[in-house]
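Worth saying up front: this structure is predicted, and the values here are computed from it rather than measured.
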Amino acid sequence: AGVYGLSVWDNTVKVTFKSGAQGTTPEIIKIVPKIDGFVFENHLVARKNCGDSAYFYGMPYDNKRLIFGAIEANKDSFTVKTDISNPPLAAAKALSGYLTEKGIKTYGVKTNSKPPLTPPQGENANSTLRGAGGLRTLHIYFSPPLSAIIKSTNHHSNNSFAEHILKYLSIDEKNQQGTLARSLDVVKKFWASKGLDVSTFFIQDGSGLSPHSAISAKFVNDVLIYMANESKNRAVFLESLPTAGKSGTVKNFLKDTPLQGKAFLKSGSIARVQCYAGYIIDDERSYAITILVNNFSGKRKDVVKEIEQMILRNFYARR
């Protein structure tokens, strides 16, 4: 999902299909949220044992998505996700629709461009506006604090949040709009200023989904050590990490082992990749731990189990 100045519904649409026999075209039975003017051209195929192999193609601001690939055959309900092509416009339409339902008239055209109706200025402005007192603030919504946003990002591996946080880093008085290039430069210069070796630090996004992103286990571990020993945000950072065996994406990792509730880890996974990084805190001693497994073969669950056993063997060998 893309990064925009205004986001809504995590910039994500859930599309539910009903599939038939192998080789047939699954039927779209539900779209949430339903966005006016947003259409799908369905070229999906039902197959056995393919899981979610559906792919959506389309450009930002283009209200059409082409669907290719395959999903499981003979399913009454199979849901996949795609991006909202124009989140700001979708938000405007949703708000306008809600106001209309409540009997409140709206004026102007919902569009990407500057609104055609500009509020009047000058002495007679209020007299030309509907309602006593002219323009009035109806509601102010405050964002959760950054600490809460980061905790949600790490607990649920929210890729959209991660991308937005990255872009935000390059907004300042000089640059009113964040860009990927400037934000990546901000991150790299920050860690270099803390004395970390950034020669093995190659990132092209905030989520880690880009195949061009690469980072060494040592660099990640050095970040963890810095955060624990030197950062003024130590407590906030630790609080943002899920607890192994209890919460977030690691609620089943190290479950029912001596390290349940004592390991605070961020997981990361994509095709043939399984990673964990964070801390083990036990008996007033703490360890930074980073494990990055790339290009594994076999089943993911077996890789995760092997990582668990490796952590347990190494940790208790140190005691």
Side-chain angles (χ1 to χ4, degrees), residues 3 143-244 248-250 262-270 273-282 284-294 311 314-315 318:
V3 178
S143 164
L146 181 59
S147 58
I149 295 172
I150 290 174
K151 182 175 180 178
S152 180
T153 303
N154 285 342
H155 268 65
H156 304 292
S157 284
N158 192 311
N159 295 315
S160 178
F161 282 17
E163 298 292 353
H164 281 79
I165 291 170
L166 176 66
K167 280 284 188 73
Y168 191 79
L169 294 178
S170 59
I171 297 177
D172 53 32
E173 292 182 0
K174 179 181 177 182
N175 303 298
Q176 295 299 309
Q177 182 174 352
T179 68
L180 178 62
R182 287 203 309 270
S183 291
L184 294 175
D185 188 55
V186 167
V187 175
K188 194 166 187 175
K189 286 181 178 178
F190 174 83
W191 289 116
S193 73
K194 303 304 178 183
L196 274 67
D197 179 9
V198 296
S199 64
T200 59
F201 179 71
F202 306 98
I203 61 169
Q204 294 298 320
D205 60 357
S207 63
L209 292 174
S210 170
H212 298 290
S213 292
I215 193 168
S216 72
K218 183 181 185 304
F219 179 84
V220 175
N221 228 55
D222 287 345
V223 168
L224 293 170
I225 292 170
Y226 171 85
M227 293 302 298
N229 293 339
E230 301 182 49
S231 175
K232 64 180 181 180
N233 297 308
R234 176 186 182 278
V236 171
F237 180 66
L238 181 60
E239 178 67 19
S240 78
L241 300 176
T243 304
T249 57
V250 295
K262 298 179 180 179
F264 306 89
L265 304 167
K266 173 72 184 74
S267 66
S269 61
I270 198 171
V273 175
Q274 187 67 47
C275 307
Y276 296 93
Y279 305 99
I280 294 176
I281 301 175
D282 187 36
E284 299 183 352
R285 294 184 299 174
S286 60
Y287 300 86
I289 177 172
T290 303
I291 299 173
L292 313 180
V293 179
N294 293 289
I311 291 174
N314 280 273
F315 180 75
R318 290 175 173 269

Do [X] and [Y] have side-chain heavy atoms sitting under 4.5 Å apart?
{"X": "F315", "Y": "D282", "value": "yes"}
{"X": "F237", "Y": "L224", "value": "yes"}
{"X": "I280", "Y": "I311", "value": "yes"}

Could you tell me which residues satisfy side-chain hydrogen bond (donor to acceptor under 3.5 Å, both in side chains) with S152, sequence neighbours excluded, listed by chain and number?
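Partners of S152 under the side-chain hydrogen bond (donor to acceptor under 3.5 Å, both in side chains) test: none.
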Results of side-chain hydrogen bond (donor to acceptor under 3.5 Å, both in side chains) for S199 - residues two or more places apart only
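For S199, the residues satisfying side-chain hydrogen bond (donor to acceptor under 3.5 Å, both in side chains) (neighbours in sequence not counted) are D197.
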CD1 on I150 to CG on N158, rounded to 0.5 Å:
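Interatomic distance, N158 CG to I150 CD1, rounded to 0.5 Å: 12.5 Å.
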From CZ (R182) to CD (Q177), nearest 0.5 Å:
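With rounding to 0.5 Å, CZ (R182) is 8.0 Å from CD (Q177).
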Could you tell me which residues satisfy ring pair (Phe, Tyr, Trp, His ring centres under 6.0 Å) with F201, sequence neighbours excluded, listed by chain and number?
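Per chain and number, F201 pairs via ring pair (Phe, Tyr, Trp, His ring centres under 6.0 Å) with F219.
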Ring pair (Phe, Tyr, Trp, His ring centres under 6.0 Å) with F202: which residues, sequence neighbours excluded?
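With sequence neighbours excluded, F202 shows a ring pair (Phe, Tyr, Trp, His ring centres under 6.0 Å) to no residue whatsoever.
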Donor-acceptor pair, distance only, cut-off 3.5 Å: does the side chain of [X] make one with the backbone of [Y]?
{"X": "H155", "Y": "S240", "value": "yes"}
{"X": "S213", "Y": "Q204", "value": "yes"}
{"X": "D205", "Y": "S210", "value": "yes"}

If we count only N and O atoms by modelled type, under 3.5 Å, do the side chains of K266 and S157 hold a donor and an acceptor together?
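There is such a pair between these side chains.
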Restricting to pairs with a member in residues 228-239, which pass side chain to side chain donor-acceptor pair (under 3.5 Å), not counting sequence neighbours?
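Pairs touching residues 228-239 that pass the test: K151-E239.
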Applying the side-chain contact (heavy atoms from CB on, under 4.5 Å) test to I215, which of T200, V220, T290 qualifies?
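Between I215 and the candidates, side-chain contact (heavy atoms from CB on, under 4.5 Å) is satisfied uniquely by V220.
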Which pairs would a plain distance check flag for residues 159-171, meaning a side-chain donor or acceptor within less than 3.5 Å of a matching protein atom at least two apart in sequence or in another chain?
unit_1, atom_1, unit_2, atom_2, d
E163, OE1, G206, N, 2.9
E163, OE2, G206, N, 3.3
E163, OE2, S207, N, 3.1
E163, OE2, S207, OG, 2.8
H164, ND1, S160, O, 2.8
H164, NE2, S7, OG, 2.8
S170, OG, K167, O, 3.2
S170, OG, T179, N, 3.0
S170, OG, T179, O, 3.3
S170, OG, S183, OG, 2.8

